[in-house]
Amino acid sequence: MKITQISIFIENQSGRLWEVCDLLGKNNINIRALSLADTSDFGILRLIVNDPEKAYRKLRENEFTVGKTEVIAVEVPDSPGGLAKILKILKDNNINVEYMYAFVERSGDCAIMIFRFDETDKAIEALNNNGIKTIKGEEIYGL
C-alpha cells in the first residue's frame with residue numbers, strides 16, 4: 001500500500017522548477033501529483049510519478065539533491081466532513097500527519113489524498129481496520 005514519493009531540493013530561483021519538469025518530460029516520466037513548499041532560499045518539490053525509480057536515477061544523474069519517501073494514497077469521501085472522518089481515525093490512534101496533498105484523480109465518490117505519517121504501517125492498519133481504502137502504488141503509477 002505504500003507509494004514511493006520523490007523529493008527534490010531545489011534552489012529558489014527562476015527556472016529551477018522548469019529544469020526538473022523538463023528533465024522528467026524528456027525521459028517520459030509523467031507527474032501524477034505534486035506539492036511544492038518553499039523558503040526564501042530553497043524549495044522542496046514532492047512528486048508522485050509513473051516511474052519513481054527512473055525519476056530518482058535521472059535526477060541524481062543530473063546532480064539534483066533527491067530523496068525517496070514512503071507515502072500513502074487514501075480514498076477520502078468527497079462530501080462535507082469526509083476528510084475529518086479520516087483525520088479522526090488517525091487522531092483516535094495517535095497517528096501524526098506530517099503532511100498531505102491532493103491527488104488529481106477521483107475514484108468513484110471519493111477524492112484521493114497523499115499522506116505522509118510518522119508511523120506509516122500503523123496508519124495503514126488503522127485506516128484499513130476502519131473501512132478506509134488505501135491505494136496500491138502500482139495503481140497510482142498507472143493512472
Side-chain angles (χ1 to χ4, degrees), residues 1-87 89-91 93 95-143:
M1 295 301 170
K2 298 174 188 173
I3 297 171
T4 300
Q5 170 189 268
I6 303 298
S7 299
I8 306 117
F9 297 88
I10 53 178
E11 298 84 6
N12 194 358
Q13 56 185 254
S14 180
R16 289 299 281 167
L17 185 56
W18 169 82
E19 290 175 19
V20 171
C21 293
D22 185 58
L23 175 66
L24 295 176
K26 286 179 178 174
N27 285 281
N28 202 33
I29 298 167
N30 198 6
I31 298 171
R32 300 296 183 207
L34 68 86
S35 170
L36 178 62
D38 71 331
T39 67
S40 60
D41 297 325
F42 68 92
I44 301 173
L45 177 62
R46 295 180 173 111
L47 301 174
I48 305 297
V49 297
N50 64 320
D51 190 341
E53 294 305 319
K54 183 178 179 182
Y56 179 81
R57 186 177 69 252
K58 291 295 180 182
L59 288 160
R60 290 202 34 109
E61 287 171 2
N62 285 272
E63 300 183 3
F64 284 94
T65 303
V66 61
K68 293 189 275 187
T69 308
E70 291 182 335
V71 295
I72 308 296
V74 177
E75 283 191 351
V76 179
D78 191 14
S79 59
L83 180 57
K85 176 182 175 183
I86 303 293
L87 295 174
I89 293 167
L90 298 169
K91 177 188 78 72
N93 285 275
I95 299 166
N96 183 46
V97 176
E98 291 184 1
Y99 56 82
M100 58 186 272
Y101 52 96
F103 190 79
V104 296
E105 183 73 21
R106 290 177 52 90
S107 176
D109 292 330
C110 294
I112 299 174
M113 303 279 305
I114 304 296
F115 285 86
R116 169 75 175 153
F117 301 107
D118 60 351
E119 298 178 85
T120 304
D121 292 329
K122 184 178 175 183
I124 292 170
E125 182 179 351
L127 292 168
N128 290 337
N129 287 345
N130 284 277
I132 304 301
K133 182 180 177 186
T134 53
I135 304 169
K136 294 180 182 178
E138 295 77 25
E139 188 176 339
I140 295 293
Y141 305 144
L143 291 176

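Predicted, not measured: the structure shown is a model, and the values here were computed from it.
A side-chain contact (heavy atoms from CB on, under 4.5 Å) with Lys54 holds for exactly one of Asn27, Val49, Leu59; it is Asn27.
Atoms CD1 and OG1, from Ile140 and Thr4 in turn, are 12.5 Å apart once rounded to the nearest 0.5 Å. Atom CG of residue Leu17 and atom CG of residue Asp38 lie 10.5 Å apart, to the nearest 0.5 angstrom. Taken to the nearest 0.5 Å, the CZ atom of Phe115 stands 10.0 Å off from the CD1 atom of Ile72. Taking CZ from Phe9 and CZ from Arg16, the interatomic distance works out to 13.5 Å, rounded to the nearest 0.5 Å. Asp78 contributes atom CG, which lies 11.0 Å from atom CD1 of Ile112 (distance to the nearest 0.5 angstrom). Distance CE/Met100 to CD1/Ile114: 10.0 Å, rounded to 0.5 Å.
Contact check for Glu75 versus Ile135: side-chain heavy atoms found under the 4.5 Å cut-off. Annotation: side chain of Ile48 is in contact with side chain of Val71 (closest heavy-atom distance under 4.5 Å). Looking only at side-chain heavy atoms (C-beta outward), Leu90 and Leu127 come within less than 4.5 Å of each other. Side-chain contact between Asp41 and Asn12 is absent, with no heavy-atom pair separated by less than 4.5 Å. With a 4.5 Å cut-off on side-chain heavy atoms, Asn96 and Phe117 do not count as touching. Here the side chains of Leu47 and Leu24 are in contact, with some heavy-atom distance below 4.5 Å. Using a 4.5 Å heavy-atom cutoff, the side chains of Val76 and Lys85 are not in contact.
Counting all heavy atoms, side chain and backbone alike, Gln5 lies closest to Tyr101 at OE1-OH, 2.8 Å. The shortest non-hydrogen separation linking Arg46 to Ser7 is CG-OG, 3.8 Å. Across all their heavy atoms, Arg116 and Glu70 have their closest contact at NH1-O, 3.1 Å. Between Ala123 and Ile95, the shortest heavy-atom distance links the atoms CA-CD1, 3.5 Å. Taking each heavy atom of Leu45 and Val20 in turn, the nearest pair found is CD2-CG1, 3.8 Å. The two residues Ile3 and Gly137 make their nearest non-hydrogen contact at CG1-CA, 3.6 Å.
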Could you walk me through whether Lys122 and Glu125 pass the salt bridge (charged side-chain N to carboxylate O under 4.0 Å, His left out) check? CA-CA 5 Å; Lys122 184 178 175 183; Glu125 182 179 351; over 6 Å; no
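In this structure, Asn30 contributes its side chain and Asn50 its backbone to no donor-acceptor pair below 3.5 Å. Side-chain N or O atoms of Asp22 include none that pairs as donor or acceptor with a backbone N or O of Trp18 at under 3.5 Å.
Within 6.0 Å of CG on Asn129 lie more than 12 heavy atoms contributed by other residues, nucleotides or ligands. Other residues, nucleotides and ligands place no more than 12 heavy atoms under 6.0 Å from the CZ atom of Arg60. Atom CD of Glu63 has 12 or fewer heavy atoms from other residues, nucleotides or ligands within 6.0 Å.
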